[in-house]
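Numbers here are sequence positions counted from 1.
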Amino acid sequence: MSSNVVYAIVKAGGRQEKVSVGDVVVVDKLTGEVGDSVELEPIMLVDGDKVTTGAGDLGKVKVTAEIVRAEKGPKISIMKFKNKTGYRKRQGYRSQRTRLKVTGIK
């Protein structure tokens with residue numbers, strides 16, 4: 001069973017994402033403007049039947065992506081409550097994220 005599927009596992013924003021050319025992924029906020037090119041750090045590369053995981057070989061691999069837009073994650077509601085003291089505190093949080101489109105794996 002041979003296939004010519006090329007994909008990479010990249011480290012982006014403290015998480016690992018499986019990407020191939022043309023994929024759109026959402027990662028933690030990256031600096032840069034819309035249309036800027038970003039290079040992601042590969043952890044593993046699959047090129048058909050060949051799997052590359054060695055640090056020396058991965059040093060030659062470049063995974064490039066283009067910033068599509070900046071966005072916010074879902075709202076997280078935080079409620080703090082202490083019984084019999086009248087203490088109630090409500091807080092919300094939305095994480096800053098960046099949407100990327102993978103343009104190349106070389």
Side-chain angles (χ1 to χ4, degrees):
M1 180 176 164
S2 68
S3 61
N4 291 332
V5 177
V6 178
Y7 67 89
I9 307 294
V10 296
K11 189 175 185 179
R15 291 190 309 272
Q16 296 176 3
E17 301 279 344
K18 176 183 173 184
V19 297
S20 59
V21 176
D23 284 355
V24 176
V25 291
V26 179
V27 298
D28 290 345
K29 184 178 180 181
L30 298 173
T31 57
E33 298 294 321
V34 174
D36 286 354
S37 183
V38 178
E39 191 171 319
L40 302 173
E41 178 184 344
I43 296 173
M44 184 174 85
L45 175 70
V46 177
D47 187 4
D49 292 332
K50 183 181 173 192
V51 177
T52 306
T53 57
D57 296 331
L58 288 175
K60 303 170 191 170
V61 176
K62 292 176 73 174
V63 178
T64 56
E66 178 185 344
I67 296 177
V68 177
R69 69 171 184 244
E71 55 187 47
K72 290 184 176 182
K75 178 114 181 193
I76 297 172
S77 297
I78 303 162
M79 284 292 297
K80 295 182 180 180
F81 172 81
K82 291 192 177 179
N83 196 16
K84 300 179 185 175
T85 61
Y87 174 77
R88 290 179 177 86
K89 186 175 181 181
R90 191 173 93 186
Q91 186 178 2
Y93 175 74
R94 292 183 76 180
S95 61
Q96 302 292 318
R97 299 187 178 177
T98 302
R99 186 174 293 264
L100 300 174
K101 181 175 183 181
V102 179
T103 56
I105 299 175
K106 298 176 187 167

Check salt bridge (Lys or Arg N to Asp or Glu O under 4.0 Å) between R15 and all other residues, then give those that pass, not counting sequence neighbours. E17, D28

According to side-chain contact (heavy atoms from CB on, under 4.5 Å), who are the partners of F81, at least two apart in sequence or on a separate chain? N83, R88

Using links of under 4.5 Å between side-chain heavy atoms of ILVMFWY residues, direct or through other members, which residues join M79 in one cluster? none

So the side-chain hydrogen bond (donor to acceptor under 3.5 Å, both in side chains) pairs with at least one residue in residues 53-77 (sequence neighbours excluded) are T64-T103, R69-E71, E71-R99

What residues, two or more places apart in sequence or in another chain, satisfy side-chain contact (heavy atoms from CB on, under 4.5 Å) together with I9? Y7, Q16, K18, M44

Do Y93 and Q91 pass the side chain to side chain contact (heavy atoms under 4.5 Å, CB included) test, and can you show the C-alpha distance, the side-chain angles, and the key distance before you say yes or no? CA-CA 7 Å; Y93 175 74; Q91 186 178 2; over 6 Å; no

Members sharing I67's hydrophobic cluster, built from side-chain contacts under 4.5 Å between Ile, Leu, Val, Met, Phe, Trp and Tyr, are V6, V10, V19, V21, V25, V27, L30, V38, L40, L45, L58, V61, V63, L100, V102, I105

side-chain hydrogen bond (donor to acceptor under 3.5 Å, both in side chains) contacts touching residues 30-44 (sequence neighbours left out): none

